[in-house]
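The structure under discussion appears below in the form of C-alpha cells.
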Amino acid sequence: MVVTRFAPSPTGFLHIGGARTALFNWLFARHHQGTFLLRIEDTDRKRSTDEAVDAILNGMRWLDLTWDGEPISQFTRSGRHAEIARQLLDEGKAYRCYCTPEELAEMRDAARAAGSARLYDGRWRDRDPKEAPDGIDPVIRLKVPEGGGTVIQDIIQGEVRVGHDQLDDMILLRADGTPTYMLAVVVDDHDMGITHVIRGDDHLTNAFRQARIYAALGWNMPVMAHMPLLHGSDGTKLSKRHGALGVEAYRDMGFLPEAVNNYLLRLGWSHGDKEIIDRGQAIEWFDVKDVGKAAARFDMDKLTSLNGHYIREAEDDRLVELILPGLENELGETVGEAARQRLLNGMSGLKERAKNTLELIENSLFYVRKRPLSLTPKAAKILDAEGCGMIEHIRPNLAQLEDWSREGIETAAREVAEAADAKLGAVAQPLRAALTGSNVSPGIFEVMEVLGQDETLGRLDDALAAPAPPTGAAQD
RNA sequence: GUCCCCAUCGUCUAGCGGCCUAGGACAUCGGCCUCUCACGCCGAAAACGGGGGUUCGAGUCCCCCUGGGGACGCCA
C-alpha cells in the first residue's frame with residue numbers, strides 16, 4: 001500500500017513548483033492505487049492564513065489533483081508533537097537547552113568563521129539541568145550521535161550520506177512549547193502512515209535530520225524521493241519574474257489545467273519521445289524513480305504550445321462555457337442564446353487559432369458583437385472603394401443564394417472572382433473585413449455559414465453604408 | 001565558508017559501453033498548403049563544459065577542474 005502526501009505551508013498561493021510536487025505525489029499514489037493525502041503545515045501561526053489554505057485547495061481542485069480524506073491541519077496536532085518531544089526527553093534522547101537567542105547568534109557567527117557546519121555547540125547537552133538559569137524557557141533539542149554518519153537511500157538522488165559533524169542538535173520543541181517543522185513532519189508522516197515522501201530537494205538536508213528523529217523514536221522512515229527544484233528561464237531560482245505564480249494566475253492567463261499538468265509532468269520526467277500525455281497514460285507510466293536529478297527551467301513557450309494543443313482538442317461546448325464570462329465582460333452585456341449558438345457553431349474554426357483562452361475570447365468577439373461592427377485600421381483599409389466594389393458585386397448573388405453552406409458560399413464567391421478576373425482573395429478579404437471587422441479570422445465562408453444569411457447581408461450593408469476611405473489611404 | 005546535489009542542441013529531454021553520422025519536442029529559420037491568420041506537412045540550423053583515466057571501444061564507468069543549484073533559523 002502506497003500513501004503519499006502533499007504538505008504545503010499556507011503562506012501564499014499554490015505556486016507552480018508546489019503544483020508539480022503535488023502532481024508527482026498524486027500520480028505516484030494513483031499509479032499504485034494508493035492514497036494521496038493533504039496536510040497543511042500551518043504551525044507557523046504568524047505566517048499562515050486561511051486565505052492561503054483556500055488558494056492552495058482551489059489550485060489543486062483546478063488541476064484536478066484530488067486528495068483522499070480531509071486535509072489535515074498540522075497545527076491541530078501540536079499536542080501530539082509535544083507529547084513525542086517529552087517522550088524523547090524522558091528517554092534521555094533529547095534535552096533542555098537554555099541558550100538565549102543572543103548566545104545562539106554568537107555561536108552561529110563563531111561556527112561560520114571557523115568553517116564549521118555545527119552551529120550549536122551542544123553546551124546544554126550534558127549539563128546538569130540544575131544549572132538552568134531562572135526566567136528562561138528552555139527548548140528541547142535532540143541528541144544527535146557524536147560520531148558516524150547517516151545514510152539516506154533516496155529513490156531519486158540515490159545513496160546520500162552525511163557525517164554527524166554536519167548535524168547539530170536540532171530543536172524539537174520551541175521555548176513556547178510548539179513543535180518545530182522537523183519534529184512535526186516526522187510525527188505526522190508516521191502517524192498518517194506515509195510510505196513515500198516525495199518533495200523538493202531543498203528538503204534533502206532535512207531528511208538527514210529527520211532520519212535522526214526516526215531513529216530516536218525507533219520508527220521506520222518512509223521511502224524518500226527528493227526531486228530537483230524548478231528554475232526560472234535564466235537558470236536561477238524560480239521567482240515571480242519568470243513563472244513562479246500561483247496556478248490561478250495561469251488559469252487567468254488562459255491556460256487549461258490539462259496543459260499545465262502535462263507540461264509540469266514533462267519537466268524532469270519523460271517517457272521516451274512522448275510529449276502529449278493524458279491523465280490515464282500519466283498514471284500508467286509515471287514512476288518517481290524515472291524523475292531526473294537535474295533541475296529544469298520553466299519555459300513559457302512550451303507550456304503555451306501544449307496549451308494550444310489542448311485547446312484544439314477541447315470540446316466546443318466546454319470552451320464556450322469557459323470564455324463566456326470573459327466575452328460578456330468585454331461586451332458589457334450578456335450573450336444571448338442566438339449568439340451563444342453562433343459561438344458553438346464557430347468554435348471548431350476558432351479554437352484552431354488560439355493558444356490560450358484569452359486569445360480565444362479576443363478572436364470570438366466578432367461572432368457575438370452587435371451590428372454595426374467597428375473596424376480595425378487594417379480592415380478599414382481593405383474596405384476601400386475597390387473592396388466595397390467587390391462587396392457590391394457579390395451581394396446580390398449572396399442574397400439569392402439558396403444553398404447557404406460554406407461550400408455553396410465559396411462556389412458563389414469563386415464565380416464572382418472569376419467574373420471580375422480576380423483572385424479569390426480579392427473577394428474574401430473585403431468580406432472578412434466587413435463581416436468580422438478584422439483582416440484575420442477563421443475561414444470566411446465558414447464564418448458566413450455560422451453568421452447566417454441575414455446577419456451576413458446586414459453586416460455587408462453596414463460596410464457599404466459606411467463612408468469608404470479612398471483607395472490605399474487608410475494606414476494601419 | 002561548510003556540507004550535499006547536478007551537468008547532452010537556446011529550453012525540456014532520449015541515451016542506461018558498441019544500435020550515436022547523438023533521436024524527439026518547444027523556440028528559431030526556410031518551404032508547401034492557402035481567402036487572411038493559424039493548424040498541418042516537409043526541410044534547415046542547433047548539444048555530449050574541460051582535462052585525465054578504465055576499456056578493443058565512452059555521451060554512457062572512475063577521478064580532477066570548471067560551471068550551476070540547494071541546505072546550513074526557537075521558518076516551513
Side-chain angles (χ1 to χ4, degrees), chain A residues 7-11 41-44 46-48 74 97 99 101 104-105 108 111-119 137-141 154 156-158 160-163 165-168 170-176 178-182 184-185 200-206 208 226 228-229 231 233 235-237 263 266-276 292-306 308-309 312 349-355 359 363 378 382 410 413-414 417 423-433 436 438-445:
Chain A
S9 48
T11 54
E41 310 225 313
D42 51 359
T43 54
D44 184 345
K46 287 189 284 291
R47 296 200 301 153
S48 301
Q74 190 161 60
C97 167
C99 285
L104 257 17
R108 194 155 35 232
R112 284 269 161 77
S116 163
R118 198 152 177 147
L119 267 23
D137 291 326
V139 298
I140 295 179
R141 286 181 183 271
D154 189 290
I156 294 174
Q157 303 291 332
V160 192
R161 61 180 67 228
V162 76
D165 57 340
Q166 297 298 319
L167 271 29
D168 49 13
M170 75 207 90
I171 294 173
L172 263 20
L173 212 60
R174 299 185 188 110
D176 65 1
T178 61
T180 60
Y181 163 79
M182 219 57 79
V185 165
D201 71 8
D202 50 336
H203 284 292
L204 185 59
T205 54
N206 288 335
F208 294 105
H226 288 92
L229 260 20
H231 284 177
S233 51
T236 63
K237 197 170 180 175
Y263 176 69
R266 278 288 288 103
L267 234 39
W269 177 90
S270 63
H271 186 79
D273 284 344
K274 290 285 183 216
E275 296 289 345
I276 304 294
K293 297 171 85 169
R297 299 185 188 201
F298 186 85
D299 181 8
M300 192 66 95
D301 283 341
K302 188 144 186 179
L303 206 208
T304 301
S305 159
L306 232 23
H309 168 84
R312 269 170 258 131
L350 252 16
K351 67 183 180 185
E352 207 161 293
R353 293 166 171 77
K355 49 188 195 296
E359 266 187 22
N363 299 341
K378 283 183 181 178
I382 291 168
E410 177 164 355
R414 285 189 186 281
K423 290 186 173 178
L424 186 58
V427 180
Q429 276 306 82
L431 285 174
R432 170 167 288 114
T436 71
S438 167
N439 59 318
V440 176
S441 83
I444 196 61
F445 308 119

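The structure displayed is predicted, hence computed values, not measured ones.
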Any protein N or O atoms within reach of nucleotides 18-21 of chain B? Criterion: under 3.5 Å, listing atom names and distances.
none

query = Among the nucleotides B:C35, B:C3, B:G24, which one has an atom lying closest to any side-chain atom of A:V162?
reply = B:C3
query = Which listed nucleotide (B:C39, B:A27, B:C35) is nearest to the side chain of A:D301?
reply = B:A27
Which part of the nucleic acid, if any, lies within contact of [X], taking any heavy atom under 4.0 Å across all strands shown: a base, the sugar-phosphate backbone alone, or nothing?
| X | answer |
| --- | --- |
| A:F445 | base |
| A:G443 | base |
| A:I444 | base |

Enumerate all atom pairs, one protein N or O and one N or O from nucleotides 7-12 of chain B, separated by less than 3.5 Å.
residue, atom, partner, partner atom, Å
B:C12, OP1, A:R297, N, 3.0
B:C12, O2', A:R266, O, 2.8
B:C12, O2, A:K302, NZ, 3.4

Counterpart residues, salt bridge (charged side-chain N to carboxylate O under 4.0 Å, His left out), relative to [X] (two or more places apart):
| X | result |
| --- | --- |
| A:D299 | none |
| A:R353 | none |
| A:R312 | none |
| A:E275 | A:R266, A:K302 |

message = Work out how far the C1' atom of B:U21 is from that of B:G10, and round it to whole angstrom.
response = 23 Å
key: Close aromatic pair by centroid cut-off 6.0 Å: A:F208 and A:H203   = no
Write out a two-atom table: protein N or O, nucleotide N or O from nucleotides 74-76 of chain B, distance below 3.5 Å.
residue, atom, partner, partner atom, Å
B:C74, O3', A:R174, NE, 3.3
B:C74, O2, A:A175, N, 3.0
B:C74, N4, A:C99, O, 3.1
B:C75, OP2, A:R174, NE, 2.1
B:C75, OP2, A:R174, NH2, 3.4
B:C75, O3', A:R174, NH2, 3.1
B:C75, O2', A:D44, OD2, 2.7
B:C75, O2', A:R47, NH2, 3.2
B:C75, O2, A:R47, NH2, 3.1
B:A76, OP1, A:T43, OG1, 3.0
B:A76, OP1, A:R174, NH2, 2.3
B:A76, OP2, A:R174, NH2, 2.7
B:A76, OP2, A:Y181, N, 3.0
B:A76, O3', A:E41, O, 3.4
B:A76, O3', A:E41, OE1, 3.3
B:A76, O2', A:S9, OG, 3.2
B:A76, N6, A:N206, OD1, 3.4
B:A76, N6, A:N206, ND2, 3.4
B:A76, N1, A:N206, ND2, 3.2

Would you mind reading off the distance between [X] atom [atom1] and [N] atom [atom2], rounded to a whole angstrom?
| X | N | atom1 | atom2 | result |
| --- | --- | --- | --- | --- |
| A:H231 | B:G67 | NE2 | P | 17 Å |
| A:M300 | B:A25 | CE | P | 23 Å |
| A:Q166 | B:C5 | CD | P | 12 Å |
| A:M170 | B:C72 | CE | P | 13 Å |

message = List the residues meeting side chain to side chain donor-acceptor pair (under 3.5 Å) with A:D42, not counting sequence neighbours, and say none if there are none.
response = A:S73
message = Can you list everything that forms a side chain to side chain donor-acceptor pair (under 3.5 Å) with A:N363? Sequence neighbours excluded, please.
response = none
remark   = Across all chains, not counting sequence neighbours, the ring pair (Phe, Tyr, Trp, His ring centres under 6.0 Å) partners of A:H309 are none
request  = Kindly write out the residues that satisfy ring pair (Phe, Tyr, Trp, His ring centres under 6.0 Å) with A:F445, not counting sequence neighbours, or none if the list is empty.
outcome  = none
ask   = A:S441 or A:D201: which one's nearest nucleotide on RNA chain B is closer to the 5' end?
value = A:S441
remark   = The residue, A:E410 or A:H271, whose nearest nucleotide of RNA chain B is more 5′ is A:H271
When you compare the protein's N or O atoms with those of nucleotides 45-50 of chain B, which come within less than 3.5 Å of each other, and at what distance?
none

task = Give a yes/no on whether any side-chain N or O of A:R312 is located under 4.0 angstrom from OP1 or OP2 of B:G40.
result = yes
ask   = Are OP1 or OP2 of B:C72 and a side-chain N or O of A:T205 less than 4.0 angstrom apart?
value = no
query = Is there a donor N/O on one and an acceptor N/O on the other, under 3.5 Å, for the side chain of A:R353 and the base of B:C39?
reply = no
